[in-house]
Enquirer: 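Got a structure for you, written out below as structure tokens; questions coming shortly.
Lettering of chains follows the sequences in order, A, B, ..., and the numbering in each one begins at 1. The figures here come from the full heavy-atom set of this structure, side chains too, leaving out hydrogens, waters and symmetry mates.
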Amino acid sequence: METGRRTRLFIGLGVAAAILLGKIFYIQVINDRYKTDADKNAMIYETIYPTRGIIYDRNGTILVGNKVAYDIMVSPHEVTAFDTIQLASVLGVEPEFIRGKMAEYEKNRRRIGYQAVVMMKQIPAEVYNKFAEIQYKFPGFRAQMRSIRDYPVNAGGNLLGYVSEVDQGFMDSHPGEYRSGDYAGKIGIEAAREKDLRGEKGYHIFLRNSKNQIEQPYKNGEMDVEAVPGKDVVTTIDAGLQQYGQELMQNKVGSIVAIEPSTGEILALVSSPGIDVEQLADIGKHYGEISGNPYKPLYNRAVSASYPPGSVFKILNGLIGLQEGTLKPEYMYPCSHGYHFGAGHKVGCHGHKSPINMEESIMMSCNAYYCYVYRNILDNRTKYKSIDEAMDAWREYALSFGFGRKLGSDFPSELSGNIPSGKFYNKRYGKGHWNSVTVISNSIGQGEILITPMHLANFCATLANRGYYITPHIIKDSEDVRIDPKYHQKQYTKVDTTQFRKVINGMWRAVNSPPGTGGTAWVAAVPGLDICGKTGTAQNPHGADNSVFMCFAPRENPKIAVAVYVENGGFGATWACPLASLMVEKYLKGDTARPELEKRMKEGNLMSRVKH
Amino acid sequence: MIIENQTQRGLRQSIDWKLIGCYLLLVIIGWLNIYASIHSSETTSILDFSTRSGKQFIWILTAIGLALLILFIIPPRWWEGFSPWIYAGVVFLLVAVIFLGVEVKGSKSWFEFGPVRFQPAEVSKISTALLLSTIMSQTGYKLTKPKDFFLTVAVIGLPMLVILAESETGSALVYFGFIFVLYMEGLSGWFLGAIGLIILLFITTLTLSPYSSIVILLGLLWLVNTFKSKKQFWRWLLIGGGVILLFSLLPWLWGLLTDAIQSRVDAAQNFIGPSLPGKDPHFRGEFLLRIEPVHLLLVSALASIPYFCIKAFRERSGALWLSIGVFIAGLLLIFSTDFIFDKVLQDHQRKRIEVLLGMKEDLSGVGYNVNQSMIAIGSGGLTGKGYMNGTQTAFGYVPEQSTDFIFCTVGEEWGFLGCLVVILLYVFLIVRIVLDADQCRESFTRIYGYCVAACIFMHLFINIGMTIGLMPVIGIPLPLLSYGGSSLWAFTVLIFIFIALYRQEKKYF
């Protein structure tokens, strides 16, 4: 009964009514947008989907093309009673499937509203032709032409990525670019080059009459916009080599990366186990299987797995020693089954002649030699005041080779690996509580060093180029798709180019010395190819050692640099070395003269050794 | 009424004919618009019983029958006496429908008997209003007594919770309207204000951002303090206003700044050289990117609290102390809402709330409806396209065009003037009911009248608000206009019980 309160509530009622009327006045009288939109409602926009760009390999082979398929679309509110049995038999499905779908649309009719939804995806052209004949009997149903991906060669499943329908999350993260029903590239090249490949959608405008039927093209099609096809992308991949690498790596876990040293172009990037292109074509069906595989085929080991490099890293330490002046090629160091320090501690080594010089140390992969080399770098107190400083200087060298950071390739999900710094060890052991012996494992590529196979291939390319690299990349410059100019620039390391030839002779001898003379990589030798390489056997806390090898060929004017990393493969010479050698031979000669070796490599199965 | 007592007044005086007139007008407007909303190229008669307008005609006739029954047959005293039984019966139905009902549009709240559907939630408004009026009109009842207060809350809350369990969020929201009844019956105005503020902050935190909520909270406190303080009016107005304006613009300004920083950082990261891998030694501004406007706002707000405390202490200003308290409580509410929503709730729970508030499904579903409905209303212009000339609603662009979105047809065909008339009719209806109620000596009738007014108001505001994008899409009908028997009958009964009660008052006093 309180009139004060009543008055207040009446004022509130007045305000509420005013808010409603104000907003109504705004949209009815002030703002014009809703009037134009009302006109638009009388027009129908039919989307024309562009064909997606084709992905080529470096020689013009098509890696990913297009083929035509049809989606069956339904506008549930236009559907009238129809012969379910006939439609089902034409579309080749059970009548229950169609009934189920219609019931689902009825349930979601509020959400669907007046839109058309996809009932069946990617039906082949034969089925479409049958459907087109009887389409007039089924108002509300129509077919939408769609081009889908086609993979003529089984190469590069992991590299290419796949195309799938965008989901809500994807649309939210790309506002305004996609609409429900659009397709977009996910992972790999399809994702990285989405903007080039996708093209631009077009539309045709039709008028619809008051009976909601399409009557005629609006203004005779004057306002229509044609779709712009996507741009073709040329990759640096060699389809044959990529396919060969995949075959070699089957039933093994690891990667192969091959680079053309003079250009930084990636010739092959194999990650095993990988994805079959058959699966890519119908990713929706296989996605669960792929993502549930314990070996993680979606995970691109070539760029996203970091491992200890093992002995291949000795080359880098040698180069740094040479540049620092603490190592000369003629320095001889002894090795008695390893490097002994402190009371009973040692870094072990295999049996070989002693003492040896630098070239021989590379050829025979002597551990002791690099313990001396590494300690001489770190304990150089005439140049560096403390070990921290020396450590950082050593690290700067490694970074200049691309280690310990993302290389900046155009391939997504690169990992940076790890090159430890002085600060890192100060944090771990405390300042002054560590010395060159504490970190001695780094000398032979163990310890805290982590690199990706891509890093290793890039390092090998740097050796092949005698001192510089070009950032590895997978997209070739073409008229349609320009690439970043940085992929043409030479990146010089902090080691003088003159130092490189001194280690390369050792790498040549590692491969080309006759068996029995101590060369660790004689398996890799191919007459006439002059392969230079270095083996590595990296300790693996999760089981058998990892087998590592890097090589380039020919020695002068190298055409290819290859890095191979086989998880749990044991000695570098056992798996990685012959695999790399076959890759080089395949690329340079087109075929192998060692079918026995090739067969053994292809059939080798290491999966039982791999723990995951 | 054959024998007329001397003290009794006749039909002419005892019945509020203006109220009934208003009721009839709205029902007829509804019927005409239902016809307009479904008419298509084939011309059908408004009385074609296979169409919704034909069916609505039957609903209207039966509703009038119901009205006569309530006015002349059922003794008005029964309502008070039977209210606990009616209430219990309806709650039973509300629970039963969860198990026995059919699912319509995602909520299980309908009974189906052959061709007829019936929604208990519509009736429960009436039963709740009746029982509420019964309890609150008891002698000795005081809202301030804890026992009475909790009883009242329970009477309102029970059906509300059951309806929520049926996923009929819209219908449940209507029960908030009973707060106005409590307010009229002595609930503190602060309580009303506090609930309003909590709802406002809750919704803005979830739909906009915690930042906007804080700015809104600050803005409200600023307004109150500006108008409360007479001496420092101009100081409050200018300085405070400036600060509020600055913070309103801050996200935008900060966006400009961080864009600039980001481009420099990007440039630095893309720089690759052998000597300086990954780093531009001249630029170290990356840390700025991690600061968000909300941090700046919080730091400055918290830093100024001591200042305001001292100010409040010196000036012995209760209002200022209260403002500080409200601000801190508001901050806690905003961040706990945000935290609980983001971290504690599970995905499906979060999704529900998002759908509830109309935050999600916006592109494909609900957003489409609102957009279409705004297009329909907006295209009406000042005077509308004329009756039966609307294109948007008739061609089926607007979903639910004869039920929840019937207002679109009004907007499109009758324009702003039509909307004005309809809304004014509702305002008249509400005001008239409240004024009539206030004249009543029986507390039961008075409180019941308030309940009726509150229900109509909630439906009106939520429904029309929804069609013009002010409220989330939570389908509830527009009283008397929307197509549908359940809804029309329920509102008829709701209103006519009041008219009958009022008539009884007039007859004897």
Enquirer: Decide side-chain contact (heavy atoms from CB on, under 4.5 Å) for B/L420 and A/F25; before the verdict, give the C-alpha distance in whole Å, the side-chain angles of both, and the deciding distance to 0.1 Å.
Expert: CA-CA 9 Å; B/L420 185 70; A/F25 190 75; over 6 Å; no
Enquirer: Of the non-hydrogen atoms in A/L21 and B/F416, which two are nearest, and what is the gap between them?
Expert: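 Closest pair (atom of A/L21, atom of B/F416, distance): O-CE1, 3.5 Å.
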Enquirer: Would you please test B/V434 and A/L9 for side-chain contact (heavy atoms from CB on, under 4.5 Å) and show each step?
Expert: CA-CA 10 Å; B/V434 173; A/L9 281 189; over 6 Å; no
Enquirer: Ignoring hydrogens, what is the shortest heavy-atom contact between B/C419 and A/I24? Give both atom names and the distance.
Expert: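 Residues B/C419 and A/I24, closest heavy atoms: SG-CG2, 3.8 Å.
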Enquirer: Do you know which of B/S443, B/G415, B/G465 has the most heavy-atom pairs with chain A at a distance under 4.5 angstrom?
Expert: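 Greatest number of close heavy-atom pairs with chain A: B/G415.
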Enquirer: Going by the rule side-chain contact (heavy atoms from CB on, under 4.5 Å), which residues pair with B/I179 if we only count those two or more places apart in sequence or in a different chain?
Expert: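 B/I179 satisfies side-chain contact (heavy atoms from CB on, under 4.5 Å) with B/F176, B/L187, B/L192, B/I195 once adjacent residues are dropped.
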Enquirer: Give, for atom OH of B/Y450 and atom CZ of A/R6, the distance between the pair rounded to the nearest 0.5 Å.
Expert: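 Between B/Y450 OH and A/R6 CZ, I get 7.5 Å after rounding to 0.5 Å.
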Enquirer: Under 4.5 Å from any heavy atom of chain A, what part of B/F457 do you find: side chain, backbone, both or neither?
Expert: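 It is the side chain, since no backbone atom gets that close.
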Enquirer: Which one wins on heavy-atom pair count under 4.5 Å against chain A: B/T467, B/I377, B/L460?
Expert: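 Of the options given, most contacts go to B/I377.
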Enquirer: Return the CZ to CG distance between B/F461 and A/L20, rounded to the nearest 0.5 Å.
Expert: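 Between B/F461 CZ and A/L20 CG, I get 5.0 Å after rounding to 0.5 Å.
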Enquirer: Under 4.5 Å heavy-atom distance to chain B, tell me which part of A/F10 shows up: side chain, backbone, both or neither.
Expert: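 Contact with chain B is through the side chain of A/F10 alone.
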Enquirer: Taking non-hydrogen atoms and a cut-off under 4.5 angstrom, which of residues 422-430 of chain B neighbour chain A?
Expert: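 Under the 4.5 Å heavy-atom cut-off, B/I423, B/V427, B/I430 qualify.
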